[in-house]
Structure formats: structure tokens, C-alpha cells
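Everything below concerns the one structure shown next.
Values reported hereafter were calculated over all heavy atoms of this structure, with side chains retained and with hydrogens, waters and symmetry mates removed.
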Amino acid sequence: MFGKILQEFRQRPFSSYFTIKGRRSLYLYCVLTGIVSGLGALLFSRALAWAEYISLESISGLHNTHSGGEYYVSLGPITSIYLGRWMLLVLPILGGLISGWIIWKFSPDSAGTGTDSLIDSFHNKEGKVDPKVPLIKSIATIFTLSSGGSGGKEGPISLIGAGFGSLVANLTKAGARARRTLLLAGTAGGLGAIFHAPLGGALTSVEMMYREDIESDTLVPCIISSVTAFLTYSSFNGFGSVYKVPEIGFIEYKELIFYLFLGILCYLNGAFLIKVFQFIQECSKSLKLPQWIKPALGGIPVGIIGYFLPEVLGTGAGALQDVLEGSFQFPNYSPYLDQDLQIIFFFLLLAFLKIITTSFTIGSGGSAGMFGPSLFIGGMLGGALGTFAKLVLGYHVSVASFVLVGMGAFYAGIASAPIAGMVMICEIIGSYSLLPPLMIVSIITFVLSHKLNLYKSQKNTRFESPAHDWDMNRDLLEGIRIEDIRNKLRNIAEVKTSVLLSQLEEEALKINASDYIVLEENGNYFGMISLRTSRLFLEGRDLTQNLILVKDVTDTSILPISARTNLATAFKTLLDMGMDKIPVEENGKYLGYLRYADIISIYFEKTRSAKPVSSS
């Protein structure tokens, strides 16, 4: 008995023990992906904190750039390298120049938010990610944010996990379905770790793929990876929430009317952000300049704005933390204006300028995420509405509650992710007490924003995604080559080039065929003809029926496929061609044709005889 087991072990390839054979093995790799995502988030956050300490704090004297629960360097500024506040004018340009050169030199795909490329990879590239993209994007984002560029850090962190998930799928020779699952699991791990939001990270990952749907098949793997990443990251960084908040909640139901207006305000500003961002993107593309210079040009307005209002630089997490705690120092523009009105104006000004700086930083080709800025913009809008509610109602309204609801609602609108926005905010602050107003405002913003499109690669529903083209087990068809099913090839609907088109039309009626393979006289493949588009007209048929040959109307642009092609590729080629059959060759010799109906028949034969389809 033991000898048989040992013999079987020796006969099986070593790599076969690491293949993904079902959900159990897939979940195991999700745990591994989560560990790597957590460690990647830890390394990135440490590197960014040190870079911000040296650049923003020590060189330019800008303090408090982190939220209460983030890792930050607290050694005191290095006074020997302090150059003055004027460096805020220069740093965004210098950071844009360095990050732009790194992206141009090593990985042009690393420009932008990173989220759009993830979504595109899921839908259109079978979950494949270039292994160098996460590393290059992480380095470029560190230079962007530590120099004052306006953006978030979720893009590179989610890419680290997604890249590793895709790599695992490649090493285990997993199919497209498992690769896509591990891609989203890695994304969830990165988000769950850096924002201390295991459930929110998983929901964001599955919800941001579509505008009106979720990738429900991957929810459990994403939760496994996100929880694992959160535990890994928190074991080094602590288990507290990202933002420290005071007591929050709403006191009376009449406050809800102001929350309704907050939803409308978030929608309007979300639409404005997307229009400005896309406008700057188009302007940047049209500039006849080297790509690596453009982020530096985008840094010019960012530096000018940041010099006067440094709160809008970087992620904005430090300023947001001060607003939540009530320790933010608001300027007093005029002793003749009511202080609350000045605060409302300042909140709106910060939101507006954050939109401008973020659009210039990322739209010009810089590397950073959109989630961080969306929290800041939504938070400032919430602060403005909360202060206005306090002014109108005449009692102490929790402005921090409005800030937090605005954070979640704004992201829900621009990213079409209402559920993720709600849960993410609750986990970021470590409390679900604001869930009712969060649900109301997020849904309002989401419904109003149904035409907004921040991520161009998003699909409306699963039915529009190439990942669910036919919801077949594509991996099953990928494992079958045409040469394995030679007996299925046919040689009936074939015609020689010298045959009259009129004769072919009569022959087609006998066998009920519309698409024909056209062969030369020696039997070599020549092209294809479709009688749906190539027919003799009734008018003048008597004159032309003996003149037009099949050769004259053959489409020679349709190329045959090799016998070594798998059925999944053959099926997709058929769909692209618009024909019901496809010619097959082997070493330049025509063998026959394979029909669309034959592939469908083979698929159902295999699925009936096979075991239940696994997730791989």
C-alpha cells in the first residue's frame, strides 16, 4: 500500500502539487496573497512616512501629515536640512519630475490612479498584471506624495497585492477565472490592511469592477485575503482605527434634511471632479512634450496652491484628522463676518482646491490614488453642511458626523461603490453608529451619480464584462486543442474557386449552408464566402449567373487557425469573425473546418461527463 503511494508520488510532476484544484486550494492561496499584501502595505506605509518626514516636515517645515492611526515618524524635524516654506513651491515640481521619469523609463502603465488599470486587467486581460508595475508604481507614488502631490496611497498598495495574486496564478498555471479571483483578493488585501478595514477592503474590491453590479463570485476569497492582510499589517502597526474621532451621531431627526442636501452636494462636486480630472488628462495627452515632463508641469499649480493652503497637499489625512477632532485652526478673515460662515466658506474652499490639486497631480500623469482625495473632499463638504446645520438649528450639531458621512458618500458617488463606501468609513473610524445617515446619503449620491464615470474601465454589469462573456468554464475549453478532436472537423460546406456563384447558391439550398470554405483547385485554403452578404441580385440575374465566379467574391482576409489552437481561442475567433465555421490548417495543409455548433456541443459533452467545475 505504502509502495503504491510512493510510486504515484514519484510519477506525478512536482509542480502538480501546487496547482489550484478547487476552492480549498484557492482559499489557501488567498491566505498567502493576504500575507504578502499585508507586508507590502506595511513596507509601503513605512517608506512613505519616512519620505514625508524628510521632505515635507524637515525640508519645508510642514507638520501633521498623518491621521491618528497611521504610522508616522516622530523624531522631530531635521533642522539642518530645513530650507523654508518656499520649498512647497518647488517640491511638487521636483517630485513630479522624478516620478514622471521613473514611470516613463521603467513602466508607462504605472501612471495614473492604478485602480483603472486593475479594473481593465480584470475585464480585458484575464487578471494578468505585469510584475514590475506594483514596484514601479509604489516608488513613483512615494515620490509624488512625499513631495506634496495630491493623491492617495491605495493605488500602489492594492496593486502590490493584485500583482502577487496574479503572479501566484501564473506560477500555479491557474486558469483565467482563478487568476481574476486572486487579482481581486490581492486588491482587497492591500485595501483592508492600509485602511484597517477587512470587510470594507473586500467589498471595495468586488464592487468597483462594475457601476451597477458586484463580482459576487470572488467575495469569499476577497474576505479571506483582506482579513489575513489586516491581521498581518496590524500585528506590526497596531489594531486601532485609522482616524481617531470624538463622540459622533445625530441628535434629532431634523438633522436628516441636511444629510439629504449633503448627498446632493457630494454628487455635484463629484461630477465637477471627474470633469476637471478628465479635462486635464486630455490636455496633458495633447501636449507635444516628453511624457516624463508632464507631471512636473502639473506640480506647478499644486505648489502654488499648497504654498498658501498646505492642507490640500499630499493625502490630506492630517488636516482631516484635525477637523474630526475639532482642533483644526480656521483662519479669521474678517471680524465683521460670522465665524461659522467663515468656516463654511473655508471648508468649501478646501474641497474645491483639493479637486484642482488632485486633478493636476494625477491627470498630468503622476502616480497616486483617488480614494484618499475623495475622503478629504467629501469630508470638507460634510464639514461645511454640518457647520451650516449647526448655524440653522441653533444647537450643537456633531460636525464630525457630517464630515465622516461626506467622506463615504463622495467616494460612493464617483466610484459607483455605495456599499463599500459605507462599510469602509465605519471600519476606518471603528464604529457603526453612523451607518443610518451613511446609508441614506451614500444611496442618494450613488443614484444621482449613475452617469458619472471616474474609472473608464468599469462595466455596467457582469453581462458586459469579457470575464463573463458566456459564463462558461473557459478553462475547460482552453485545455482542449483542435488536434485532439480531429474527428469533429468537417469537409462538406467547401467549394472550389472556379465554381460559379449561381451554382453555389443552388448547392447551398440542398445542405442549408450559408458560409463556405473556398479552396483552390489543388485543395489549398483560399478564403471564405458568406452567402448572407454575397448573392446575385434578382435584377439582371440572367446576365450575371454565368459570369461571376466564387473566386471573385471570396473574402481572403479570413485566415485559418492552427490545429494546435485551443477551443477557447477558436470560439472567440468565431465570434469576432461573425462566421459559423472556421478553417483549420496543420503545417500549411488544410484539414477541414470547425463549426460554432461543434464547440458548443463539445463543451456540453465535457461538462456532463466531468466532475463539478472548480474555481480554478
Exercise. Mind listing the closest non-hydrogen atom pair of Lys244 and Glu325 along with its distance?
Key: O-CG, 3.7 Å

Quiz item: What's the shortest heavy-atom distance between Ser374 and Ile414, and which atoms?
Solution: CB-CD1, 3.7 Å

Quiz item: Which pairs pass ring pair (Phe, Tyr, Trp, His ring centres under 6.0 Å) with one or both residues in residues 107-140, sequence neighbours excluded?
Solution: His123-Tyr210

Practice problem: Any chance you could measure Thr141, atom OG1, to Ile136, atom CD1, to the nearest 0.5 Å? | Solution: 11.0 Å

Practice problem: Side-chain contact test, heavy atoms from C-beta onward, threshold under 4.5 Å: evaluate it for Val168 versus Val36 and give yes or no. | Solution: no

Self-check item: Ser58 side-chain N/O to Tyr53 backbone N/O, donor-acceptor pair under 3.5 Å
Solution: yes

Quiz item: Between Leu273 and Asn269, is any pair of side-chain heavy atoms under 4.5 Å apart?
Solution: no

Self-check item: Side-chain donor/acceptor of Ser226 to backbone N/O of Pro198, under 3.5 Å
Solution: yes

Practice problem: Please lay out, stage by stage, how Tyr259 and Ile444 fare under the test side chain to side chain contact (heavy atoms under 4.5 Å, CB included). | Solution: CA-CA 10 Å; Tyr259 280 113; Ile444 290 174; over 6 Å; no

Quiz item: Heavy atoms, side chains only, cut-off 4.5 Å: are Val399 and Val323 in contact?
Solution: no

Quiz item: With distance as the sole test, does Thr445 use its side chain to make a donor-acceptor pair with the main-chain N or O of Gly263 at under 3.5 Å?
Solution: yes

Self-check item: For Phe410, all residues meeting ring-ring contact (aromatic ring centres under 6.0 Å, His included), sequence neighbours excluded
Solution: none

Quiz item: Mind checking what makes side-chain contact (heavy atoms from CB on, under 4.5 Å) contact with Pro373, not counting sequence neighbours?
Solution: Lys354, Thr358

Exercise. Taking Ser121 for its side chain and Lys128 for its backbone only, find out whether a donor-acceptor pair lies under 3.5 Å.
Key: yes

Exercise. Report the residues that fulfil side-chain hydrogen bond (donor to acceptor under 3.5 Å, both in side chains) with Asn170, sequence neighbours left out, ordered by chain and then residue number.
Key: Arg179

Exercise. Check the pair Leu182, Cys30 against side chain to side chain contact (heavy atoms under 4.5 Å, CB included), reporting the backbone distance first and the verdict last.
Key: CA-CA 7 Å; Leu182 288 172; Cys30 286; 4.0 Å; yes

Exercise. Spell out, as yes or no, whether a donor-acceptor pair under 3.5 Å connects the side chain of Glu215 to the backbone of Thr181.
Key: no

Quiz item: So with a 6.0 Å cut-off around CZ of Phe277, is the heavy-atom count from everything else above 12?
Solution: yes

Exercise. Evaluate whether atom CD1 of Ile419 has more than 12 neighbouring non-hydrogen atoms of other residues, nucleotides or ligands under 6.0 angstrom away.
Key: no

Practice problem: Quick one: closest heavy-atom pair of Ala140 and Ile103, and the distance? | Solution: CB-CG1, 3.8 Å

Exercise. Without swapping roles, check the side chain of Ser225 against the backbone of Cys222 for a donor-acceptor pair under 3.5 Å.
Key: no

Self-check item: Pairwise distance CG(Leu313) to CD(Glu52) - rounded to 0.5 angstrom
Solution: 10.5 Å

Self-check item: Minimum heavy-atom distance Gly151-Ile362, with the two atoms named
Solution: CA-CD1, 4.5 Å

Self-check item: Derivation of the side chain to side chain contact (heavy atoms under 4.5 Å, CB included) call for Leu435 and Met422
Solution: CA-CA 7 Å; Leu435 191 56; Met422 301 174 207; 4.3 Å; yes

Quiz prompt | Exam field: side chain Arg211 to backbone Asn453, donor-acceptor pair closer than 3.5 Å | solution = no

Quiz item: Does a sphere of radius 6.0 Å around CZ in Phe236 hold more than 12 heavy atoms from other residues, nucleotides or ligands, not counting ones at 6.0 Å or beyond?
Solution: no

Quiz prompt | Close side-chain approach of Leu385 and Leu381, heavy atoms under 4.5 Å | solution = no

Quiz item: Under the 3.5 angstrom rule, does the side chain of Glu311 hit a backbone N or O of Gly316 as a donor-acceptor pair?
Solution: no

Practice problem: Can you tell me which residue pairs pass the side chain to side chain donor-acceptor pair (under 3.5 Å) test with a partner in residues 191-207, sequence neighbours excluded? | Solution: none

Quiz item: Is Ser166 reaching over with its side chain to a backbone N or O of Ala162, donor-acceptor style, under 3.5 angstrom?
Solution: no

Practice problem: Could you tell me which residues satisfy salt bridge (charged side-chain N to carboxylate O under 4.0 Å, His left out) with Glu57, sequence neighbours excluded, listed by chain and number? | Solution: none

Quiz item: About how many Å separate CG of Leu309 and CG of Leu353, when rounded to the nearest 0.5 Å?
Solution: 6.0 Å

Practice problem: Could you list the residues that satisfy side-chain hydrogen bond (donor to acceptor under 3.5 Å, both in side chains) with Asn237, not counting sequence neighbours? | Solution: Arg46, Tyr233

Quiz item: Sequence neighbours excluded, which residues qualify as ring-ring contact (aromatic ring centres under 6.0 Å, His included) partners of Tyr455?
Solution: none

Quiz item: Got Lys459 and Asp213 here, is their nearest side-chain heavy-atom distance under 4.5 Å?
Solution: no

Quiz item: Is it true that Lys456 and Asp116 have a side-chain N and a carboxylate O under 4.0 angstrom from each other?
Solution: no

Self-check item: Beyond-backbone contact of Leu184 with Met209, side-chain heavy atoms, under 4.5 angstrom
Solution: yes

Quiz item: What heavy-atom pair brings Val441 and Ala409 nearest, and what distance separates the two atoms?
Solution: CG1-CB, 3.4 Å

Quiz prompt | Sequence-distant partners of Tyr411, ring-ring contact (aromatic ring centres under 6.0 Å, His included), two or more places apart | solution = Phe371

Self-check item: NZ on Lys153 to OG on Ser45, rounded to 0.5 Å
Solution: 6.5 Å

Listed pairs under 3.5 Å, donor-acceptor, residues 188-195 side chains, sequence neighbours left out:
none

Quiz item: Who are the ring-ring contact (aromatic ring centres under 6.0 Å, His included) partners of Phe106, not counting sequence neighbours?
Solution: Trp101

Self-check item: Nearest atoms (heavy-atom pairs only) where Phe376 meets Ala319
Solution: CE1-CB, 4.0 Å

Self-check item: Check: Ile355 and Ser359 side chains under 4.5 Å, non-hydrogen atoms
Solution: yes

Quiz item: Going from CD on Glu478 to CD on Glu126, what distance comes out if it is rounded to the nearest 0.5 angstrom?
Solution: 5.5 Å

Quiz item: At what distance, to the nearest 0.5 angstrom, does CZ of Phe230 lie from CD of Glu427?
Solution: 8.0 Å

Exercise. Answer whether the closest heavy-atom distance between the side chains of Val403 and Leu320 falls below 4.5 Å.
Key: yes

Practice problem: Please report the C-alpha distance between Leu203 and Met424 in whole Å, then the side-chain angles of each, then the deciding distance to 0.1 Å, and finally whether the side chain to side chain contact (heavy atoms under 4.5 Å, CB included) criterion is met. | Solution: CA-CA 8 Å; Leu203 291 174; Met424 185 71 83; over 6 Å; no

Quiz item: Who pairs with Ser99 by side-chain hydrogen bond (donor to acceptor under 3.5 Å, both in side chains), at least two apart in sequence or on another chain?
Solution: Thr144

Self-check item: Side-chain (Ser449) to main-chain (Leu452) donor-acceptor, under 3.5 angstrom
Solution: no

